[in-house]
Amino acid sequence: MDVPAGRDGAVTGWRDLLGADPLPWLLSSPEPCARWAALTGLTDAGPDEEDVRRAHRDVVADPLTRSLVARLPDWTVDQHLSGHQSPAFAPHLLGLLADMGVAAGDFAEVESLLDAMLEHQEPSGRFASFGTAAPGSAPVWGALLCDTHPVLDVLVRFGRGEDERVRAALARSAADLADTAQGRAWPCVPHPVTGWRGPGRRDAVCPMATLQALRVFSRLRPADWPDGVLDAARVVLRAWAERGSEKPYQFGHGVQFKTVKWPPTWYGALGVVDTVGRFPELWRDDPSGWEAQALAEVTACLLAYNVSADGTVTPRSTYWGFETHSFGQKRLRSPFATAVLLTAVRRVDDLAAAVARVDVRALGSSKGGSGQPVAPRVR
């Protein structure tokens, strides 16, 4: 990346990587969720500071927030979703609301949905969802890991972490951590009713289920992490580092991986940086190790393919149905998308110098590609 250095000639953080400071623009945004996300993710403001409290109140009162709350589905009804990546999947909607600043107790509709999720748990401990487990099948209750992990995540985020059912699901997730062909991580576990499982080899890692589980455990105290959490985070970075010779089935690392689709729900550069960046133990003891280099490369791609020269994000790919939100259109700069993406980059501030050294145009392409990655069209 070609970025200006700080005043002393060093690249030391996210502002140096941008060569710009969009924070004043974010803090003056008319979008309450952007102000809240910037205050909590890009400054050291605590939750009890008046600016954060005011932004939170504005988020709750915002008609756009309330329109998303009104879209929360009945958890007991099949929503006929296209897949677990759908932003209409209830845990994804709840996660988006949490990213926007909605908290426990803000909306009765959120609490009712969380209650319903808690009521549907398999004997194994995994939380179940209701829907078609495979194309053409009848809707049934059951849990793939990409059901239980997103449900667990929002239950923990909205303050249900001490519920005994959540503790049981966390224990089940820890037990699901397995030795895969790529290392210790979460594989795709067959549906308990239909036997259907996702694509790929049975002994292969599922990058998405692994990212989702890592995100859940990152919200807990390290003392509550299962053995192998850091190994699983390394497996995520290994998927990137070995992309030229190995490709997890249906999980590539080309331009679609590097370009965020808003709102983010699935495997991509933003998810990797945001999640693995919560585990600095991976690189702080060895900042010149392969893990640090892999994470620096993914971070450099995240910036190069999504962030403009002024340090802001204009979405390049969006899901249908969010056009009234700044992150749901592709014409204007999105304060919320900017705050969310830069919060992830800030997690790896101590890798900023390594990120700055990455030339994304010189990186090798993924297995099956042309050998030359598609150049970024943003920076």
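Heads up: numbering here begins at 1 and tracks the sequence. A quick note: this is a predicted structure, and the numbers were derived from the prediction, not measured.
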Check your understanding: side chain to side chain donor-acceptor pair (under 3.5 Å): which pairs involve residues 115-131, sequence neighbours left out?
Key -> Asp115-Arg160, Glu122-Ser124, Arg126-Asp176, Ser129-Asp147

Exercise for review: Indicate whether the side chain of Asp350 and that of Trp283 have a donor and an acceptor atom separated by less than 3.5 Å.
Suggested key: yes

Check your understanding: So does Glu111 have more than 12 non-hydrogen atoms from other groups sitting under 6.0 Å from CD?
Key -> yes

Check your understanding: Taking side chain as C-beta onward, heavy atoms only, is Arg66 less than 4.5 Å from Val60?
Key -> yes

Practice item. Answer yes if Val260 and Met100 sit in the same cluster of Ile, Leu, Val, Met, Phe, Trp and Tyr residues linked by side chain heavy atoms under 4.5 Å apart, and no otherwise. Key: yes

**Study point:** By salt bridge (Lys or Arg N to Asp or Glu O under 4.0 Å) - contacts of Asp179 (at least two apart)
**Key:** Arg184

Exercise for review: Flag the pair Pro222 / Phe279 as yes when at least one side-chain heavy-atom distance between them is below 4.5 Å, and no otherwise.
Suggested key: no

Check your understanding: Does any pair with a residue in residues 29-55 pass ring-ring contact (aromatic ring centres under 6.0 Å, His included), and if so which ones, sequence neighbours excluded?
Key -> none

Revision key, fill the gap. Closest non-hydrogen atoms of Asp78 and Pro139, given as atom of the first, atom of the second and distance, are OD2-CB, 3.7 Å

Exercise for review: Check whether any side-chain N or O of Arg53 sits under 3.5 Å from a backbone N or O of Pro47 as a donor-acceptor pair, and report yes or no.
Suggested key: no

Name each donor-acceptor pair under 3.5 Å that joins a side chain in residues 287-295 to protein atoms two or more places apart or in another chain, with its distance.
residue: Ser288; atom: OG; partner: Asp286; partner atom: OD1; Å: 3.2
residue: Glu291; atom: OE2; partner: Arg234; partner atom: NE; Å: 3.0
residue: Gln293; atom: NE2; partner: Glu297; partner atom: OE2; Å: 3.0

Check your understanding: Which residues satisfy the salt bridge (Lys or Arg N to Asp or Glu O under 4.0 Å) test with Arg35, sequence neighbours excluded?
Key -> Asp58

Review point. Who passes salt bridge (Lys or Arg N to Asp or Glu O under 4.0 Å) against Asp62, sequence neighbours left out?
Key: none

Check your understanding: Looking at CZ of Arg202 and OG1 of Thr180, how far apart are the two atoms once the value is rounded to the nearest 0.5 Å?
Key -> 15.0 Å

Practice item. Decide yes or no for Leu341 and Leu302: does some side-chain heavy atom of the first lie under 4.5 Å from some side-chain heavy atom of the second? Key: yes

Exercise for review: Give the C-alpha distance, both sets of side-chain angles, the deciding distance and a yes or no for salt bridge (Lys or Arg N to Asp or Glu O under 4.0 Å) between Arg57 and Glu50.
Suggested key: CA-CA 10 Å; Arg57 290 194 297 268; Glu50 181 53 33; 2.9 Å; yes

Review point. Please, which pairs that meet ring-ring contact (aromatic ring centres under 6.0 Å, His included) have at least one residue in residues 43-63, sequence neighbours excluded?
Key: none

Exercise for review: Could you list all the side chain to side chain donor-acceptor pair (under 3.5 Å) pairs where at least one residue sits in residues 267-276, not counting sequence neighbours?
Suggested key: Arg215-Thr275, His253-Tyr267, Asp274-Arg278, Asp274-Arg347

**Study point:** Side-chain touch Cys146/Gln212, heavy atoms, less than 4.5 angstrom
**Key:** yes

Check your understanding: How would you list, by chain and number, every residue that makes a ring pair (Phe, Tyr, Trp, His ring centres under 6.0 Å) with Phe327, sequence neighbours excluded?
Key -> Phe322, His325, Phe336

Check your understanding: Within the side chain of Ser29, is there an N or O that forms a donor-acceptor pair under 3.5 Å with the backbone of Glu31?
Key -> yes

Check your understanding: Does a side-chain heavy-atom distance below 4.5 Å link Arg346 with Leu342?
Key -> no

Exercise for review: Sort and list the pairs that fulfil salt bridge (Lys or Arg N to Asp or Glu O under 4.0 Å) and have at least one residue in residues 245-263, not counting sequence neighbours.
Suggested key: Arg238-Glu246

Review point. Are the side chains of Val166 and Leu118 in touch, meaning some heavy atoms are under 4.5 Å apart?
Key: yes

Point to revise | Side-chain touch Phe127/His149, heavy atoms, less than 4.5 angstrom | key: no

Point to revise | Residues forming a ring pair (Phe, Tyr, Trp, His ring centres under 6.0 Å) with Phe217, sequence neighbours excluded | key: none

Point to revise | Minimum side-chain heavy-atom gap Trp14-Pro22 below 4.5 Å | key: yes

**Study point:** Residue list, ring pair (Phe, Tyr, Trp, His ring centres under 6.0 Å) with His92, at least two apart or on another chain
**Key:** Phe89

